[in-house]
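Only one structure is covered here, and it is reproduced in the block below.
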Protein chains: 2
Amino acid sequence: MTSVEEPARPNGRIRDAARTKAEILDVATREFARSGFAGARVDEIAARTRTTKRMIYYYFGGKEQLFTAVLERAYSVIRQAEQELDVEHLDPVAAIRRLAEVTFDHHERHPDFIRLVSIENIHEAEHIAASEKLGRIGSPALEVIRRILESGQRSGLFTADVDAVDLHAMISAFCFFRVSNRHTFGALFGRDLVAPDQREHYRKMLGDMVIAYLTADRATD
Amino acid sequence: MTSVEEPARPNGRIRDAARTKAEILDVATREFARSGFAGARVDEIAARTRTTKRMIYYYFGGKEQLFTAVLERAYSVIRQAEQELDVEHLDPVAAIRRLAEVTFDHHERHPDFIRLVSIENIHEAEHIAASEKLGRIGSPALEVIRRILESGQRSGLFTADVDAVDLHAMISAFCFFRVSNRHTFGALFGRDLVAPDQREHYRKMLGDMVIAYLTADRATD
DNA sequence: TGACTAACGTACTAGTTCGTACATTAGTGA
DNA sequence: TCACTAATGTACGAACTAGTACGTTAGTCA
């Protein structure tokens with residue numbers, strides 16, 4: 001019997017379900033984003049955790065459900081960011097530009113999220129479809145866009161025929177592509193779309209594009 | 001010894017290197033696009049072919065090189081389509097719109113290509129980097145864009161500060177996202193971006209967006 | 001016509017990978 | 001304080017998977 005004051009946990013074993021669960025999700029997010037669903041290894045995820053593979057199955061049930069949980073958490077982060085959007089006090093043009101910039105920034109700051117969404121699309125969104133939390137959840141940004149658009153159209157600043165979901169798709173497309181296709185685009189055209197010194201350039205380009213589209217007088221056909 | 005007239009090849013075995021190779025590439029394209037690189041199974045690809053797994057290794061060397069060969073062929077198809085682009089006789093506005101539409105149509109017609117590119121981005125374009133055929137190949141469309149832009153800017157129709165690669169990225173982003181993110185977008189917002197009855201709508205939207213951006217008078221900062 | 005080789009097929013293996021049976025312990029409430 | 005359970009760890013197995021060793025045959029050219 002050693003008289004040395006041992007730390008309270010001789011085996012280094014602490015119990016903290018919440019921490020363990022969160023740590024698994026953190027590591028799984030990185031691994032799935034890095035290697036795709038099939039490419040990610042359950043053993044590898046476990047190894048990068050302070051716990052064991054057993055715990056992944058204990059808490060999540062399996063690889064598939066783990067990926068779904070990763071997606072659910074990733075989407076909840078973006079939804080939270082969108083909820084903090086505060087642009088209603090701006091005039092429509094400034095509000096839309098601000099919204100586009102926030103979207104732009106979020107995509108840039110969360111490349112792992114972009115990769116997860118790309119991967120989920122390869123799997124035809126089957127995990128989203130199977131998730132109760134994610135089905136048809138929409139996004140807070142959509143409501144904001146709807147209100148800004150309406151205000152801008154009422155005042156005659158914006159062209160009348162633009163739909164909120166379409167505008168959201170347009171903004172997302174630009175932000176998403178820039179990050180998701182960074183590597184092939186860079187390899188083929190020799191230009192890094194995510195280079196730091198190009199950041200302001202593309203941020204402005206997005207805003208200019210959206211505003212130009214919204215304020216152009218289109219020939220009615 | 002049967003006296004029945006056997007077909008010329010009693011074992012059904014015909015030799016045709018070109019056909020075998022092409023068939024492997026066809027099947028591999030579908031399988032990689034469907035399941036991703038790690039998710040695709042060499043045995044499955046072989047099974048869907050009239051030949052055997054042995055031939056995949058005989059002609060391509062391995063799974064990795066097979067994927068590279070699939071990518072090379074897929075890119076050569078789009079480059080060929082772009083080379084047939086004939087818009088130089090149009091005025092700049094019409095030419096850009098036409099170019100956008102051709103890009104739009106090509107993306108819609110080749111969803112497997114989109115998926116392969118998404119997958120290659122998950123792998124950070126390592127196969128493109130390793131391929132002699134694909135490194136920095138650019139695209140014929142770029143040269144076309146360059147010429148139209150120059151002409152439009154010279155005549156004062158277009159704003160001066162637009163770069164050809166950037167414009168190509170803008171057009172590609174819209175076309176690519178619509179196909180690549182079809183499933184997650186549909187699941188989250190309940191709208192199918194590739195629904196046939198929405199096709200003309202989005203095609204027009206892309207053209208309007210690009211022309212609006214190119215002809216807008218931007219406040220210089 | 002017969003020898004040579006490119007093209008092809010079969011059967012197998014070594015290593016991997018998801019998942020689980022079973023054992024153990026930390027905390028907690030009676 | 002003790003029993004009970006949620007939380008955790010270990011060891012293992014069945015199935016899969018990329019890749020290969022070895023044998024065979026169709027076409028062609030000397």
Side-chain angles (χ1 to χ4, degrees), chain A residues 5-32 34-70 119 123 126-127 130, chain B residues 5-32 34-70 119 123 126-127 130:
Chain A
E5 279 186 13
E6 297 280 354
R9 26 196 150 59
N11 217 0
R13 196 159 154 188
I14 317 161
R15 306 193 149 199
D16 189 338
R19 187 185 66 73
T20 302
K21 237 176 135 170
E23 195 179 344
I24 292 172
L25 278 177
D26 286 342
V27 174
T29 297
R30 280 203 303 276
E31 286 302 305
F32 280 128
R34 160 150 57 201
S35 314
F37 177 74
R41 300 294 168 222
V42 177
D43 282 295
E44 183 68 21
I45 293 170
R48 291 180 188 276
T49 290
R50 271 174 295 179
T51 183
T52 65
K53 185 166 54 155
R54 177 72 185 75
M55 286 297 96
I56 292 174
Y57 288 90
Y58 184 68
Y59 283 121
F60 299 97
K63 191 183 182 182
E64 207 96 31
Q65 295 104 301
L66 176 60
F67 184 76
T68 302
V70 163
I119 291 160
H123 295 278
E126 60 179 17
H127 303 95
Chain B
E5 280 184 14
E6 297 282 353
R9 31 203 144 59
N11 218 0
R13 196 158 152 187
I14 316 160
R15 308 194 150 201
D16 189 338
R19 188 186 64 73
T20 302
K21 237 177 133 169
E23 195 179 344
I24 291 172
L25 278 177
D26 286 343
V27 174
T29 298
R30 280 204 303 277
E31 287 299 308
F32 280 128
R34 160 149 57 199
S35 314
F37 176 74
R41 301 293 167 224
V42 177
D43 283 296
E44 182 68 21
I45 293 171
R48 291 179 188 277
T49 290
R50 270 174 296 178
T51 183
T52 65
K53 183 164 58 154
R54 176 74 183 76
M55 288 296 98
I56 291 175
Y57 289 90
Y58 183 68
Y59 283 121
F60 298 97
K63 191 182 182 181
E64 206 97 31
Q65 295 104 302
L66 176 60
F67 185 75
T68 303
V70 163
I119 291 160
H123 296 277
E126 61 179 17
H127 304 95

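For the numbers below, each heavy atom of this structure counts, side chains included, while hydrogens, waters and symmetry mates do not. Numbers restart at 1 for each chain; the letters A, B, ... are given by sequence-line order, proteins then strands.
- Along DNA chain C, the nucleotide nearest to Arg54(A) and the one nearest to Asp43(A) differ in position, and the one closer to the 5' end is contacted by Asp43(A).
- Using a 4.0 Å heavy-atom criterion, one finds that Ala40(B) contacts the sugar-phosphate atoms exclusively.
- For Arg15(B) against dA6(C), a side-chain-to-base donor-acceptor contact under 3.5 Å is present.
- Evaluation of atom-type donor-acceptor distances gives no pair under 3.5 Å for the side chain of Lys63(B) against the base of dG19(D).
- By the 4.0 Å N-to-carboxylate-O rule, Glu31(A) lies close enough to Arg48(A) to be salt-bridged with it.
- Between the C1' atom of dG19(C) and the CD1 atom of Ile45(A) lies a distance of 14 Å, rounded to the nearest Å.
- Contact of Lys53(A) with dG19(C) (side chain to base): a donor-acceptor pair of N or O atoms is detected under 3.5 Å.
- Between the CD atom of Glu31(B) and the C1' atom of dT17(D) there is a distance of 15 Å, given to the nearest Å.
- At a threshold of 4.5 Å between non-hydrogen side-chain atoms, the residues Thr49(A) and Thr20(A) do not count as touching.
- At distances below 3.5 Å, not a single donor-acceptor pair connects side-chain atoms of Arg54(B) with backbone N or O atoms of Thr51(B).
- For Thr20(B), no side-chain nitrogen or oxygen approaches OP1 or OP2 of dA7(C) to under 4.0 Å.
- Considering only the side chain of Tyr57(B), dG19(D) comes nearest among dT17(D), dA7(D), dG19(D).
- Taking only side-chain nitrogens and oxygens, Tyr59(A) comes nearer than 4.0 Å to OP1 or OP2 of dT8(D).
- Rounded to a whole Å, the CZ atom of Phe60(B) is 16 Å from the P atom of dT20(D).
- Between Tyr58(B) atom OH and dT10(C) atom P the separation is 17 Å, expressed in whole Å.
- Residue Thr51(A) places at least one side-chain N or O under 4.0 Å from the OP1 or OP2 atom of dG9(D).
- In this structure, Lys21(A) contributes its side chain and Asp16(A) its backbone to no donor-acceptor pair below 3.5 Å.
- Taking atom CG of residue Asp16(A) and atom P of nucleotide dG27(C), one finds them 10 Å apart after rounding to whole Å.
- dG19(D) atom C1' lies 14 Å from atom CE of Met55(B), rounded to whole Å.
- Atom CZ of Phe67(A) is separated from atom C1' of dC18(C) by 17 Å (rounded to the nearest Å).
- Using the six-membered ring where Trp is involved, Phe67(A) and Phe32(A) have ring planes that are perpendicular, over 60° apart on the 30 and 60° scheme.
- Rounded to whole angstrom, the span from the CD1 atom of Ile24(A) across to the P atom of dT8(D) amounts to 8 Å.
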